[in-house]
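Hydrogens, waters and symmetry mates play no part in the numbers below; they use all other heavy atoms, side chains included. Proteins get letters first, then strands, A, B, ... in listed order; numbering begins at 1 in each.
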Amino acid sequence: PESADLRALARHLYESYLKYFPLTKAKARAILSGKTSDNAPFVIHDMKSLMEGEHMINCRQMPMQEHRRSDVGIMREVELRFFHSCQSRSAEAVSEVTEFAKSIPGFVNLDLNDQVTLLKYGVIEVLIIMMAPLMNKDGTLISYGQIFMTREFLKSLRKPFCEMMEPKFEFSVKFNMLELDDSDMALFLAVIILSGDRPGLLNVKPIEDLQETVLHSLELQLKTNHPDSLQLFAKVLQKMTDLRQLVTDHVQLIQLMKETELDWCLHPLLQEIMRDLY
Amino acid sequence: LKEKHKILHRLLQNSSSPVDL
């Protein structure tokens with residue numbers, strides 16, 4: 001394709017990205033560095049601040065249960081409520097990623113079963129990539145940037161909750177060193193979604209053709225946008241290998257939680273995605 | 001496959017903005 005077409009594709013995907021994803025990297029980095037006129041985020045660093053900030057996370061849907069009124073019981077409930085709210089937000093984010101996928105030229109013309117497969121296998125990878133701009137080495141923004149939750153607090157939760165986020169921090173700190181901006185991210189997300197090697201795809205060729213065009217667009221974009229960053233295109237693509245391992249580990253952890261946490265019930269949309277995934 | 005993924009299928013078929021879940 002001509003470079004003008006590739007640039008138009010990049011512009012189109014960037015516009016979709018801005019339309020469907022409420023918290024951009026530019027905004028997240030402004031919040032994290034204090035360079036915004038908005039209020040600084042509320043910091044959650046322990047159980048007390050989690051309870052104080054709960055109303056901002058909108059995680060009070062689960063009623064307090066009568067049989068657990070001890071301090072330990074209340075803390076377990078606060079943790080569970082927090083992870084339920086994370087699930088609700090994840091389900092919303094899946095919906096946003098779906099709209100973004102549908103905006104990729106040619107996606108909605110693919111076999112409908114293949115559209116389902118691409119989303120099923122791609123969406124958690126996309127969500128992990130989208131988490132990276134919200135994170136720094138010390139913590140992560142949540143609730144659309146209203147809250148900063150510290151990495152140490154997440155590590156201090158009981159098992160297996162404490163194991164959920166640490167691998168994402170390790171990945172994100174390295175991924176953020178590539179310094180992609182929102183327009184680069186939009187193309188990279190489309191590349192991830194259009195992976196022709198997902199299990200069970202019926203018609204791989206049109207998916208690979210679409211991905212090839214987006215890859216050309218990403219390569220051109222990175223060369224233009226980051227002229228001094230050597231081999232950036234290759235470095236970005238290498239992250240896709242790390243992502244698959246992260247998703248496999250994440251799904252195993254969720255399965256473990258389903259078995260060990262009596263109060264744990266997985267959001268139906270997330271259940272659909274994770275059932276028979278890897 | 002789409003039978004086992006009813007919500008994903010609905011999200012894909014929905015023609016407007018993100019679905020309220």
Side-chain angles (χ1 to χ4, degrees), chain A residues 16-22 58 61 84-104 107-124 126-127 144 193 198-203 266-277, chain B:
Chain A
S16 295
Y17 174 100
L18 295 177
K19 180 176 176 189
Y20 294 117
F21 301 136
N58 188 27
Q61 299 99 328
H84 274 276
S85 78
C86 291
Q87 286 195 44
S88 299
R89 174 63 197 127
S90 300
E92 275 174 23
V94 171
S95 171
E96 292 158 11
V97 173
T98 307
E99 292 306 313
F100 175 76
K102 284 155 64 178
S103 78
I104 301 171
F107 183 88
V108 293
N109 304 119
L110 298 171
D111 182 291
L112 190 53
N113 279 293
D114 284 350
Q115 291 181 42
V116 171
T117 301
L118 292 179
L119 276 175
K120 179 182 176 74
Y121 284 90
V123 78
I124 304 178
V126 167
L127 295 186
Y144 305 99
I193 292 167
R198 304 297 192 192
L201 284 174
L202 303 173
N203 200 358
L266 196 56
H267 189 287
L269 175 56
L270 304 180
Q271 266 185 47
E272 266 188 26
I273 291 167
M274 292 190 196
R275 190 184 301 134
D276 308 323
L277 191 67
Chain B
L1 187 75
K2 60 190 186 193
E3 289 305 310
K4 285 186 179 174
H5 298 82
K6 288 200 164 71
I7 309 176
L8 264 188
H9 187 227
R10 180 161 63 87
L11 295 178
L12 282 164
Q13 294 293 84
N14 175 51
S15 58
S16 56
S17 54
V19 171
D20 182 12
L21 295 159

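- For a residue to count as touching a neighbouring chain, one of its non-hydrogen atoms must lie under 4.5 Å from one of that chain's; by this rule A:Lys120 touches chain B with backbone and side chain alike.
- A donor-acceptor pair under 3.5 Å links the side-chain atoms of A:Lys102 to the main chain of B:Leu11, judged by distance alone.
- Tested against B:Ile7, the residues A:Thr98, A:Leu270, A:Leu269 include a single side-chain contact (heavy atoms from CB on, under 4.5 Å) partner, A:Leu269.
- Atoms NE2 and CZ, from B:His5 and A:Arg275 in turn, are 7.0 Å apart once rounded to the nearest 0.5 Å.
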Next item on the list: For A:Glu272 and B:Lys4, run side chain to side chain contact (heavy atoms under 4.5 Å, CB included): C-alpha distance rounded to whole Å, both residues' side-chain angles, the deciding distance at 0.1 Å, then the answer.
Entry: CA-CA 7 Å; A:Glu272 266 188 26; B:Lys4 285 186 179 174; over 6 Å; no
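- Contact of the A:Glu99 side chain with the B:Asn14 side chain is registered, since non-hydrogen atoms from C-beta on lie closer than 4.5 Å.
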Check: Hey, mind stepping through A:Leu112 and B:Gln13 against side chain to side chain contact (heavy atoms under 4.5 Å, CB included) and telling me if it holds?
Finding: CA-CA 9 Å; A:Leu112 190 53; B:Gln13 294 293 84; 3.7 Å; yes
